[in-house]
Protein chains: 2
Amino acid sequence: MLARAQRLRKNLPAARQGRGFRPVVRNCGHNGPPATCHHGWVSDDSSWLQRAIELATDSVSDGGGPFGAVIVRDGVEIAAGQNRVTSNFDPTAHAEVQAIRTACTALGEFSLAGCTVYASCEPCPMCLAACLWARVDRIVYAADRDDAARGGFDDRRFYELFTRPRAEWEVAVKSLRLPEAEMPFHAWRAREDRHLY
Amino acid sequence: MLARAQRLRKNLPAARQGRGFRPVVRNCGHNGPPATCHHGWVSDDSSWLQRAIELATDSVSDGGGPFGAVIVRDGVEIAAGQNRVTSNFDPTAHAEVQAIRTACTALGEFSLAGCTVYASCEPCPMCLAACLWARVDRIVYAADRDDAARGGFDDRRFYELFTRPRAEWEVAVKSLRLPEAEMPFHAWRAREDRHLY
């Protein structure tokens with residue numbers, strides 16, 4: 001898998017420009033990746049966010065949910081994602097999660113340090129925590145949890161749930177501390193070649 | 001994809017018994033799925049949770065993180081998951097997320113209503129929200145965020161972060177409300193055959 005990732009990484013700037021995406025300045029004639037271009041390439045937050053919004057609108061046409069995301073490092077698009085919850089039978093297939101997974105596979109890394117996530121809508125608690133685990137530097141979003149609520153989505157409700165004691169939740173969340181509860185962590189700490197993330 | 005899901009669903013009770021798992025009572029001689037057995041099959045929270053802990057310990061041996069999860073409906077194991085963050089280059093490949101994805105693919109559904117998630121350790125905010133999006137009925141866990149912290153994991157830190165204003169976070173989370181922010185939701189509401197989840 002590492003060899004494949006290295007090949008992908010090598011080809012990344014050319015391969016990840018995104019179908020149909022028009023950056024703000026693209027006619028400088030410079031052939032290198034945008035981040036190294038000194039001819040006036042502009043890759044500001046607004047244009048990347050517009051791309052995320054386009055992905056979200058396109059997702060609806062394709063039968064997905066109205067959410068899109070782009071992951072950018074050093075002015076280069078690493079990955080894009082669209083909501084595929086119902087079409088893929090995957091409740092975790094939110095746009096940001098899809099983009100994170102694609103970006104990490106492309107880079108052959110489990111950290112996206114140095115990256116910015118552009119999301120058409122405020123990340124839900126799952127996606128926000130996914131961004132934290134992925135160690136991204138920044139998250140920029142356009143619409144918010146109230147827009148999502150008007151679309152019929154539970155992002156705002158779940159954020160509110162996180163602020164309330166679990167005893168009040170409809171979903172039962174139960175701690176059952178078995179005697180062997182710590183065994184996996186004992187095994188973990190005993191392994192010298194463990195990789196923290 | 002649906003046809004494959006239907007095949008999987010048909011074969012589920014036989015296919016999902018899990019390698020090496022010993023339920024509390026297994027020698028009743030009944031051939032049907034456990035949930036329909038009236039000969040004394042016991043599938044209580046403790047035994048399912050023990051299976052999740054075994055998966056977590058096995059995961060460490062396989063080079064994964066020390067986390068495991070099982071999803072159960074009507075006394076039948078639908079799916080199991082182990083942490084594969086570093087081995088799969090996927091920061092979202094926590095045990096619960098892996099199990100949710102596998103269960104939904106197996107059932108051909110994007111809802112796990114009626115299911116219980118057994119997790120070797122308290123779900124992090126990402127996994128907890130994933131369980132909410134998956135509409136599970138119950139979550140039962142053994143170790144907690146403090147055990148995870150002693151293992152070097154950030155679950156507790158991220159829970160604490162969720163209670164603090166984002167302006168205080170190290171990760172920049174920025175709202176940039178472009179004029180076209182609501183366009184994906186307009187497209188969504190205009191689509192009569194949309195599937196909410």
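Quantities reported herein were computed from a predicted structural model and do not represent experimental measurements. Letters A, B, ... are given to chains in the order of the sequence lines, protein chains preceding strands, and every chain is numbered from 1. FYI, side chains are in, hydrogens and waters are out, and symmetry mates aren't considered; it's all heavy atoms of this structure.
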Provide the closest heavy-atom pair for [X] versus [Y] in the form atom of the first, atom of the second, distance.
X         : Y         : answer
Arg166(B) : Tyr159(A) : NH2-OH, 2.9 Å
Trp133(A) : Asp155(B) : CH2-OD1, 3.5 Å
Gly152(B) : Leu196(A) : O-CD2, 3.3 Å

Looking at [options], which has the largest count of heavy-atom pairs under 4.5 Å with chain B?
options                                  : result
Gly65(A), Pro123(A), Cys124(A)           : Cys124(A)
Ser120(A), Ala142(A), Ala148(A)          : Ala142(A)
Asp90(A), Leu112(A), Thr163(A)           : Asp90(A)
Pro66(A), Ala130(A), Ala181(A)           : Pro66(A)
Gly63(A), Ala119(A), Gly151(A), Ala56(A) : Gly151(A)
Arg157(A), Arg194(A), His94(A)           : His94(A)

Rounded distance [0.5 Å steps], [atom1] in [X] versus [atom2] in [Y]:
X         : Y         : atom1 : atom2 : value
Trp169(A) : Arg138(B) : CH2   : CZ    : 15.0 Å
Leu176(B) : Leu49(A)  : CG    : CG    : 5.5 Å
Thr57(B)  : Glu182(A) : OG1   : CD    : 11.5 Å

With chain A, which of [options] has the greatest number of heavy-atom pairs at distances under 4.5 Å?
options                                    : result
Ala129(B), Ala187(B), Pro91(B), Gly64(B)   : Pro91(B)
Glu122(B), Glu170(B), His195(B), Arg101(B) : Arg101(B)
Asp147(B), Val140(B), Ile53(B)             : Asp147(B)

Chain A contact via [X] - side chain, backbone, both or neither, heavy atoms under 4.5 Å:
X         : answer
Asp137(B) : backbone
Ser61(B)  : backbone
Asp193(B) : neither
Arg191(B) : side chain
Arg177(B) : both
Ala52(B)  : neither
Glu180(B) : both
Cys127(B) : neither
Cys131(B) : neither

Heavy-atom distance under 4.5 Å between the side chains of [X] and [Y], does that happen here?
X         : Y         : value
Val97(A)  : Met126(B) : no
Ser59(A)  : Pro184(B) : no
Ile100(A) : Thr92(B)  : yes
Val60(B)  : Phe185(A) : no
Leu132(A) : Leu161(B) : yes

Check against side chain to side chain contact (heavy atoms under 4.5 Å, CB included), Phe162(A) and Leu128(B): CA-CA 9 Å; Phe162(A) 266 62; Leu128(B) 189 59; 4.0 Å; yes
In this structure, would Phe67(B) and Met183(A) fall into the same cluster of hydrophobic residues linked by side-chain contacts under 4.5 Å? no
Could you give me the CA-CA distance, side-chain angles and deciding distance for Asn83(B) and Tyr197(A), then say whether side chain to side chain contact (heavy atoms under 4.5 Å, CB included) is met? CA-CA 11 Å; Asn83(B) 181 290; Tyr197(A) 53 81; 2.9 Å; yes
